[in-house]
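Working notes, beginning with the structure itself.
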Amino acid sequence: MRKNIFCVMNLVHLIKSAIQQAVFALYQKQLSVDELPINETKPEFTGDYTLVTFGLSKLLQKKPDEIAHELGNYLVANDALFTEMEVIKGFLNLSIKDSFLLEFLATHFQQSNYGNSELGDKKIMVEYSSPNTNKPLHFGHLRNIFLGHAVSAILKNVGHEVIKVNLINDRGIHICKSMIAWQLFANKQTPTDAHVKGDHFVGDYYVKFNDEYKSQMATLMAEGMPEDEAAKKAPIMLAAQDMLRQWEAGDADTLALWKTMNDWVYAGFEVSYQKLGITFDRYYYESNTYLSGKSIVEKALKNNLLFQKEDHSVWIDLSDAGLDQKLLLRGDGTSVYMTQDIGTAILKYLDYHMDQSVYVIGDEQNYHMQVLKLILQKMQEPCADGIQHLSYGMVELPSGKMKSREGTVVDADDMVDEMIAIAKKNTEDLGKVDGFTSEELQQLYQTLGLGALKFYLLRVDPKKKMIFNPEESIDFHGFTGPFVQYSHARICSILRKASIESLPAELSLSDITLSSIEKNLLKLLAQYPTTIYQAAKEMNPSIVCNVVYQVAKEFNGFLVDHSVLKASDESVKNMRLQLCLLSKQVIAHGLNLLGIAAPERM
RNA sequence: GGUCCCGUAGUUCAAUGGAUAGAACGAAAGUUUCCUAAACUUUAGAUACAAGUUCGAUUCUUGUCGGGACUACCA
């Protein structure tokens with residue numbers, strides 16, 4: 001009977017409902033489970049879970065101590081879940097029966113989808129990566145990409161339908177800058193001629209543009225022109241702006257060059273995405289969506305939701321929401337960033353009618369996203385309420401922000417290659433290359449290097465900005481991806497040595513006593529699906545990093561004090577093998593959600 | 001100026017209002033005839049400051065100090 005309940009409920013929930021029933025039986029009060037604070041018992045006390053009774057004191061008109069004693073005695077006497085209790089001040093420490101945890105283990109150790117749930121029922125779009133097409137991906141983009149990919153996997157895992165979207169910002173002044181510089185300096189060279197990856201090739205011309213722009217400004221300023229005027233009148237800038245106008249006018253040559261250079265970039269991005277193991281279900285291109293935003297704004301203007309100034313520019317007044325006025329169309333009728341985003345949001349909704357639309361975008365755009373949602377709400381667009389900004393903090397260097405102008409930007413491709421090289425070096429230094437073919441080794445280095453990188457970027461709460469410390473990120477010890485991967489490989493090694501085909505699922509429950517470390521590991525594993533559900537609710541992959549690390553750490557500790565294959569008797573050995581199997585399943589499952597592979601050997 | 005976010009060991013990160021604030025790296029010292037030592041064990045080390053709310057505050061409120069983001073007819 002417990003077994004069935006366990007499939008749909010978790011351990012803490014079971015404890016809460018047991019307490020709920022006990023409260024009703026003793027005091028005839030119906031409490032909601034949210035009114036029952038359950039914590040894990042601190043290691044220095046005996047017990048597994050603790051009920052804090054101070055809050056109940058008022059509700060039940062009794063002293064915390066009395067409540068704790070009465071509830072504890074009742075639970076131990078009447079509920080099969082508990083074996084003993086202890087009261088210290090107002091804290092009721094409850095111990096869970098070993099047989100309960102053993103039964104849980106026997107039920108789930110072979111479940112290959114353990115960790116999945118079906119609680120989610122929404123259709124959710126997740127937009128991430130969303131690069132500009134004028135330069136290659138840098139380290140900051142990696143946080144975005146890994147976050148989006150992991151959040152998508154986590155949401156899907158708890159039962160939501162997920163659509164992964166990449167919105168390519170393929171038009172605008174930025175790409176025109178690269179195009180102008182290419183026309184001026186490239187001598188018609190292509191990435192193939194130059195043996196350079198397409199996105200880097202185009203990015204190099206973006207840099208060339210800025211160099212030339214700076215030197216032209218310097219020339220103008222030397223002739224006595226003020227800086228702001230020089231910034232506007234530098235010939236190469238005027239040329240880029242002219243090219244943007246040509247593009248919007250549909251000039252055939254401009255469009256052809258634009259398409260060619262974007263294709264170079266896409267080919268480069270594709271290589272990077274593939275290496276990173278990142279995929280999308282759907283690509284949107286701003287060149288296709290920016291015009292629809294304009295017509296939507298014009299329609300809203302007719303409906304008097306917006307107003308126009310004397311120069312014909314179109315604005316929305318958000319002062320009733322505590323914000324100011326926001327421009328939606330320039331005086332000359334062209335779109336701004338916000339206009340495009342309005343169009344894209346509506347188009348996406350027409351395509352998918354999703355319940356929720358998650359934007360993985362840095363926190364410097366908090367205001368922008370707030371305004372976008374507000375505008376769409378004012379326009380009463382059905383997509384508006386589902387818009388959710390998954391805001392993440394910037395990645396900074398120990399020396400401060402990455403600045404492209406100062407050349408402190410860490411390139412994504414370089415970073416990946418470096419991590420893989422370090423994985424290779426570490427493996428070779430440890431002499432762990434025997435028994436692998438050279439292809440397998442290449443695969444392993446990639447698995448470990450990417451594992452380290454992804455884990456490093458995902459282990460911090462997305463909301464918080466994080467410091468990228470090059471020396472620390474390449475560490476393969478401690479709270480890192482390779483540590484977790486190593487634990488997985490060790491488990492696999494044990495399982496290879498045991499012939500596990502004939503592992504009996506049924507145990508004679510009565511004659512096994514769990515050690516405290518076995519019990520801790522089991523509690524962690526039992527809570528795992530709930531932990532994942534929490535990660536989904538908060539869209540926070542760092543929770544997954546933490547739990548797989550805890551399982552790995554706990555497992556390593558277990559392994560030091562307990563022999564699996566040489567256990568004292570057969571039933572203990574079987575139980576420990578089950579523990580190995582479930583731990584392996586949870587580690588691999590969690591890593592998979594993070595986009596990290598779990599190697600069988602390393 | 002206005003709006004918002006953030007201040008936790010030397011460093012990077014944890015902690016639904018709960019017990020003596022957890023890890024990791026770094027530092028110091030140990031563990032290998034035994035399932036992978038990329039492991040494990042031990043030691044030292046922190047809530048910016050000041051009030052308030054209450055049985056109880058890293059968490060909530062206010063103020064001070066310090067850091068950051070946004071506040072473009074850029075994207």
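Labels below follow one simple rule: chain letters A, B, ... track the order of the sequence lines, proteins then strands, and each chain is numbered from 1. We use all heavy atoms of the structure for the numbers below, so side chains are in, but hydrogens, waters and symmetry mates are not.
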Residues A/Asn169 and A/Asn132: side-chain donor-acceptor under 3.5 angstrom:
yes

Please measure how far the P atom in B/rA48 lies from the corresponding atom in B/rG10, and state the result in whole Å.
12 Å

Do A/Thr427 and B/rA38 have a side chain to base donor-acceptor pair shorter than 3.5 Å?
yes

Would you indicate what A/His488 reaches in the nucleic acid, counting non-hydrogen atoms under 4.0 angstrom: base, sugar-phosphate, or nothing?
nothing

Which part of the nucleic acid, if any, lies within contact of A/Tyr337, taking any heavy atom under 4.0 Å across all strands shown: a base, the sugar-phosphate backbone alone, or nothing?
base

Could you measure between the two P atoms, the one in B/rU59 and the one in B/rU16, and give it in whole Å?
13 Å

Side-chain N or O of A/His477 versus OP1/OP2 of B/rA39: is the shortest distance under 4.0 Å?
yes

Any side-chain donor-acceptor pair under 3.5 Å between A/Glu286 and A/Thr289?
no

Under 4.0 Å, counting only non-hydrogen atoms across every strand here, what does A/Ile467 touch: a base, just sugar-phosphate, or nothing?
sugar-phosphate

Rounded to whole Å, CD1 of A/Ile88 lies from C1' of B/rU20 at a distance of 12 Å

Does A/Lys553 make a side-chain N or O approach to OP1 or OP2 of B/rA39 shorter than 4.0 Å?
no

Once you apply a heavy-atom cut-off of 4.0 Å, does A/Val564 come out as touching a base, just sugar-phosphate, or nothing?
base

A/Tyr549 has an atom OH; how far is it from atom P of B/rA38, in whole Å?
16 Å

Whole-Å distance, A/Met369 CE to B/rC70 P, equals 16 Å

In this structure, how many angstroms lie between the P atom of B/rG67 and the NZ atom of A/Lys464, rounded?
20 Å

I'd like to know if the side chain of A/Thr133 pairs up with that of A/Asp170 as donor and acceptor (distance under 3.5 Å, no hydrogens or angles considered).
no

Give a yes/no answer on whether the side chain of A/Arg330 brings an N or O atom under 4.0 Å of OP1 or OP2 in B/rC74.
yes

Going by ring centres under 5.5 Å and near-parallel planes (under 30°), is A/Phe54 stacked on B/rG18?
yes

Rounding to the closest angstrom, what is the interatomic distance between B/rU47 and B/rG22 at atom P?
13 Å

Is A/Phe45 stacked on the base of B/rA19, with ring centres under 5.5 Å apart and planes under 30° apart?
yes

Could you tell me how the ring of A/Tyr337 sits relative to the ring of A/His368: parallel (under 30°), tilted (30 to 60°) or perpendicular (over 60°)?
parallel

Which nucleotide, if any, forms a Watson-Crick or G-U wobble pair with B/rG66, using both distances under 3.5 Å?
B/rC6

Side chain of A/Asn546, base of B/rA24: donor and acceptor closer than 3.5 Å?
no

Counting side-chain heavy atoms from CB outward, which of B/rA75, B/rA69, B/rC25 is closest to A/Glu364?
B/rA69

Any donor-acceptor pair under 3.5 Å linking the side-chain atoms of A/His312 with those of A/Asp332?
no

Pair assignment for B/rU59, Watson-Crick or G-U wobble, requiring both distances under 3.5 Å
none

Hunt down the Watson-Crick or G-U wobble partner of B/rA46, both distances under 3.5 Å, from any strand shown, or write none.
none

Do A/Asn39 and A/Thr50 get their side chains close enough for a donor-acceptor pair, meaning under 3.5 Å?
no

Presence of A/Ser563 side-chain N/O under 4.0 Å of B/rC35 phosphate oxygens OP1/OP2
no

Could you check whether A/Gly172 gets within reach of a base, just the sugar-phosphate, or nothing at all, counting any heavy atom under 4.0 Å?
nothing

Give none if B/rA19 has no partner; otherwise give the nucleotide forming a Watson-Crick or G-U wobble pair with it, both distances under 3.5 Å.
none

Considering every strand and a 4.0 Å limit on heavy-atom distances, what is the contact class for A/Leu559: base, sugar-phosphate, or nothing?
base

Counting any heavy atom closer than 4.0 Å, what does A/Val336 reach on the DNA or RNA strands: base, sugar-phosphate only, or nothing?
sugar-phosphate

Looking at B/rA72, which nucleotide sits across from it as a Watson-Crick or G-U wobble partner, both distances under 3.5 angstrom, or is there none?
none

Euclidean distance for P, B/rU33 against B/rA27 (whole angstrom)
26 Å

Which whole number of Å gives the distance between the C1' atom of B/rU20 and that of B/rG45?
16 Å

Side-chain contact check for A/Phe476: nearest option of B/rA38, B/rC40, B/rU36 is B/rA38

P spacing across the pair B/rC74 / B/rC5, given as an integer number of angstrom
29 Å

Check whether any side-chain nitrogen or oxygen of A/Lys497 sits under 4.0 Å from OP1 or OP2 of B/rC35, and answer yes or no.
no

Base, sugar-phosphate or nothing for A/Lys89? Non-hydrogen atoms, less than 4.0 Å.
nothing

A/Ser515 and A/His562: side chain donor to acceptor below 3.5 Å:
yes

Side-chain donor-acceptor pair present, A/Asp363, A/Tyr392, cut-off under 3.5 Å
no

Students often get this wrong, so: under 4.0 angstrom with heavy atoms, is A/Met602 touching a base, only sugar-phosphate, or nothing?
base

Scan A/Asn93 against the nucleic acid and name what it touches under 4.0 Å (heavy atoms): base, sugar-phosphate only, or nothing.
base

Can you tell me the distance, in whole Å, between the CG atom of A/Asn39 and the C1' atom of B/rG18?
6 Å

Any donor-acceptor pair under 3.5 Å linking the side-chain atoms of A/Glu86 with those of A/Thr46?
yes

Nucleotide B/rA75, atom P - distance to CD of A/Gln241 in whole Å:
11 Å

Identify which nucleotide among B/rU20, B/rC40, B/rG18 has an atom closest to any side-chain atom of A/Phe91, counting heavy atoms from C-beta outward.
B/rG18

Report the distance from atom CG of A/Asp324 to atom P of B/rC4, rounded to the nearest whole Å.
13 Å

A/Lys432 vs B/rA37: side-chain N/O to OP1/OP2 distance below 4.0 Å
no

Minimum-distance nucleotide (side-chain atoms of A/Pro37 versus B/rA38, B/rC35, B/rU16)
B/rU16

Tell me which of A/Leu36 and A/Ala423 sits closer to the 5' end of RNA chain B, going by the nucleotide each one is nearest to.
A/Leu36

Here's a test of your reading of the structure: between A/Phe479 and A/Ala489, which maps to the more 5' nucleotide of RNA chain B?
A/Phe479

Answer yes or no for this row: A/Tyr486 ring on B/rA39 base, centroids under 5.5 Å, planes under 30°.
no

Which part of the nucleic acid does A/Arg601 contact within heavy-atom distance under 4.0 Å: base, sugar-phosphate only, or nothing?
base

Under a 3.5 Å limit on both distances, the Watson-Crick or wobble mate of B/rU33 is none

Regarding A/Ser178 and A/Asn134, do their side chains bring together a donor and an acceptor under 3.5 Å, going by distance alone?
no

Heavy atoms under 4.0 Å, any strand shown: does A/Leu448 hit a base, just sugar-phosphate, or nothing?
base

Quick one: which of B/rU36, B/rC40, B/rU71 gets closest to the side chain of A/Tyr367?
B/rU71

Determine the Euclidean distance between corresponding C1' atoms of B/rA37 and B/rG30; express it in Å to zero decimal places.
13 Å

If the P atom of B/rA9 is compared with that of B/rU58, how far apart are they to the nearest Å?
14 Å

Calculate the interatomic distance between A/Asp461 atom CG and B/rG7 atom P; express it in whole Å.
10 Å

For B/rA19, does the base pair up with any side-chain atom of A/Thr50 as donor and acceptor (N or O, under 3.5 Å, distance only)?
yes

For B/rU11, the Watson-Crick or wobble partner whose two distances fall under 3.5 Å
B/rA24

